[in-house]
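Please read the structure below before turning to the comments.
Labels below follow one simple rule: chain letters A, B, ... track the order of the sequence lines, proteins then strands, and each chain is numbered from 1.
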Amino acid sequence: MTQNKTIIRRNRMKAYAFLAPNFVGFIVFTLIPVVYAFLLSFMEWDSARPAVFVGLSNYFKLFKDTGFRISLLNTLYYTAITVPLTIVFALAFALILNEGLKGIKLFRALHFFPHISSIVAVAVVWQFLYHPDFGPINMVLKQIGIANPPRWTSSVTWAMPAVIFMSVWKSFGYYMIMFIAGLKAIPIQLYEAAKIDGANGWKRFRYVTLPMISPTMFFVVIISIISSFKVFAQVFIMTEGGPGRATSVLVYKIYTDAFKNFKFGYASAEAVILFIFILIVTIIQYRGQEKWVNYMN
Amino acid sequence: MGKLHELRRKIILYTLLCISSISMVLPFLWMLSASLKSEKDVFSFPIQWITDAPVWRNYIVIWEKIDFATYYMNTIKLTVVITILQLITCSLAAYAFAKIDFPEQKVLFLGYLATMMVPFQVVMIPQFIIMKNLHLTDTHMALILLQAFSPFGVFLLRQYYLNIPNELLEAARIDGMGEFKIYSKIMVPLAKPALASLSIFTFVFVWNDFLGPLIYLNTDKNKTIQLGIRKFITEYTSEYSLIMAASVCALIPVLIIFLLAQKYFIEGVAMTGMKG
């Protein structure tokens with residue numbers, strides 16, 4: 001007994017020695033800020049005056065804040081279009097690249113590169129590609145007979161689609177790689193059996209491929225929704241939330257309220273809303289997975 | 001008939017792949033091409049992809065007009081320091097979580113996992129206030145402290161460590177090897193692929209990070225390359241060729257890393273997707 005206790009104590013000492021460098025940082029710069037974020041959302045705090053506890057007042061203000069409502073709706077709009085588009089492209093090209101064609105590595109790398117390249121550089125290029133008067137995209141559109149092409153990032157209607165299209169272009173390669181990994185894990189016998197049963201290509205996709213990659217699909221849906229909620233840099237660089245408020249998304253609003261207007265408490269309440277959205281998505285998906293995700297073991 | 005069908009199918013697939021690959025590359029080629037043009041030629045149409053008289057000077061001007069060298073050095077410094085610190089802190093912590101049996105292991109690891117779910121955007125305000133109180137705003141130290149302890153890194157390395165057989169460590173323990181020696185002489189060498197993945201992810205993340213530096217770094221002498229490009233946009237609005245040259249410079253290190261370590265990128269991404 002006593003020997004056991006000594007071992008436990010010795011192991012504990014060792015473990016904490018290994019953990020210490022990370023743990024200190026984890027507590028101070030992650031754990032405390034998480035708790036602090038919630039506390040801040042109940043305070044009114046701007047740069048000039050000290051913090052005052054105001055209860056739920058920030059949240060009530062959010063309900064009446066048109067700017068916040070628009071940002072929230074824009075974020076949902078962005079997510080609702082970006083996520084399905086990204087998944088369709090990612091899955092389609094994963095299927096093509098899983099066909100055993102030559103040169104796959106090159107194609108895979110080309111599709112993946114936008115994902116790791118700097119969002120700033122990429123957003124800058126696209127901003128110019130979208131230039132309403134001289135941009136290559138509109139030049140081409142004019143060539144093929146569209147006399148008044150959209151003014152993209154300076155149009156209230158087209159600014160968000162422009163941001164969405166660029167984001168899908170940049171990120172689908174990342175999810176494509178995940179799908180390829182999922183497809184590789186499907187036993188070939190399943191397809192052979194389906195073929196013998198007379199299943200055509202679509203049926204094999206519907207009844208073999210889709211169920212077999214459902215764990216990957218589950219993961220990709222969650223990750224892409226969450227990252228859509230956090231969209232920021234492309235908006236900041238391409239449109240600065242405009243024109244008007246057409247592309248003002250949640251994180252853009254949080255950033256401006258916190259670091260331009262120095263309303264720390266109010267911005268924290270907005271951040272808490274972001275967190276709640278992400279939490280809800282995760283919980284819904286987690287509950288739902290039992291219904292439609294097939295795990296092999 | 002089967003062969004003809006097969007051939008037609010392949011032609012369609014290759015055509016699709018080629019179209020999408022071109023659309024992946026075209027914006028980068030436009031960036032490169034524009035970076036070598038004179039200002040008046042940037043938007044000439046039809047696009048002249050390879051200009052007759054490349055303006056190499058653009059690549060010199062950007063270092064003169066704004067302090068691009070400083071931005072570059074700052075980014076290299078931050079990237080290298082944060083990557084090394086993350087490797088050290090994360091691999092040590094991951095070792096405790098994967099290979100040392102202690103009573104609070106599960107609870108603590110759960111805490112790490114839970115905070116991984118909280119996005120940076122939620123904690124950025126409290127983090128900023130903490131840094132302000134430590135008088136660390138507008139310093140590199142702020143970014144270093146924030147990014148040196150990633151829970152994600154701990155998670156990634158722990159998963160890899162778990163696959164390394166315990167018998168190996170037990171044998172070393174019986175031989176009287178100290179725990180730190182086991183970690184450094186046995187674990188670290190065996191975990192090289194995972195450490196490589198983590199360092200590449202960290203490198204690319206820190207190099208490309210925009211929101212972090214945007215919040216913390218105000219004075220020019222501290223800014224990173226991503227902020228540098230933005231400065232170009234705001235201060236030299238119409239000098240597209242210079243902005244493009246700066247963008248190319250910001251992409252080159254990542255491109256080099258990507259070409260050298262493509263395998264680790266792709267495997268790392270595939271791994272996180274599979275484990276989901």
Query raised in the report: Just wondering, do A:Phe113 and B:Leu259 contact through their side chains at under 4.5 Å, heavy atoms?
Result: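 No, too far: nothing below the 4.5 Å cut-off.
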Answer with side chain, backbone, both or neither: which region of [X] has an atom nearer than 4.5 Å to a non-hydrogen atom of chain A?
X        : value
B:Leu17  : both
B:Leu13  : both
B:Pro151 : side chain
B:Ile100 : side chain
B:Ile233 : side chain
B:Met124 : both
B:Leu16  : both
B:Phe128 : side chain

**Report entry** A:Ile116 portion near chain B, given a 4.5 angstrom heavy-atom threshold
**Finding:**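 Contact with chain B: backbone and side chain both.
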Query raised in the report: Hey, which of A:Phe179, A:Phe112, A:Trp126 has the most heavy atom pairs under 4.5 Å with chain B?
Result: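 Looking at each option in turn, the highest pair count goes to A:Phe112.
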Query raised in the report: Are A:Glu99 and B:Lys10 ion-paired here, with the side-chain N under 4.0 Å from a carboxylate O?
Result: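 Salt bridge absent between A:Glu99 and B:Lys10.
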Query raised in the report: B:Ile129, B:Val25, B:Val123, B:Val154: which one forms the most heavy-atom pairs within less than 4.5 Å of chain A?
Result: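 Of the candidates given, the most pairs with chain A belong to B:Ile129.
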Report task. Select, from B:Thr234, B:Ile125, B:Val254, the one with the greatest count of heavy-atom pairs under 4.5 Å involving chain A. Result ->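 Maximum pair count with chain A is reached by B:Ile125.
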Query raised in the report: So, A:Phe23 versus B:Phe149, ring centres under 6.0 angstrom or not?
Result: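 Centroid separation for A:Phe23 and B:Phe149: 6.0 Å or greater.
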Requested in this report: Run the ring-centre check on A:Tyr16 versus B:Phe102 and record whether the distance is less than 6.0 Å.
Outcome: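 For A:Tyr16 and B:Phe102, the ring centres are under 6.0 Å apart.
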Report task. Report the distance from atom OH of B:Tyr216 to atom CG of B:Leu214, rounding to the nearest 0.5 Å. Result ->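 Nearest 0.5 Å value for the OH-CG distance: 11.5 Å.
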Query raised in the report: Rounded to the nearest 0.5 Å, how far does CD1 of B:Ile252 lie from CD1 of B:Ile257?
Result: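 Between atom CD1 of B:Ile257 and atom CD1 of B:Ile252 there are 13.0 Å.
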Report task. Quickly, which of B:Phe155, B:Phe109, B:Tyr161 forms a ring pair (Phe, Tyr, Trp, His ring centres under 6.0 Å) with B:Phe97? Name it, please. Result ->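 Only one option passes, and that is B:Phe109.
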Query raised in the report: Ignoring hydrogens and geometry, is there a side-chain-to-backbone donor-acceptor pair from B:Thr75 to B:Gln226 under 3.5 Å?
Result: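 Not a single qualifying donor-acceptor pair exists.
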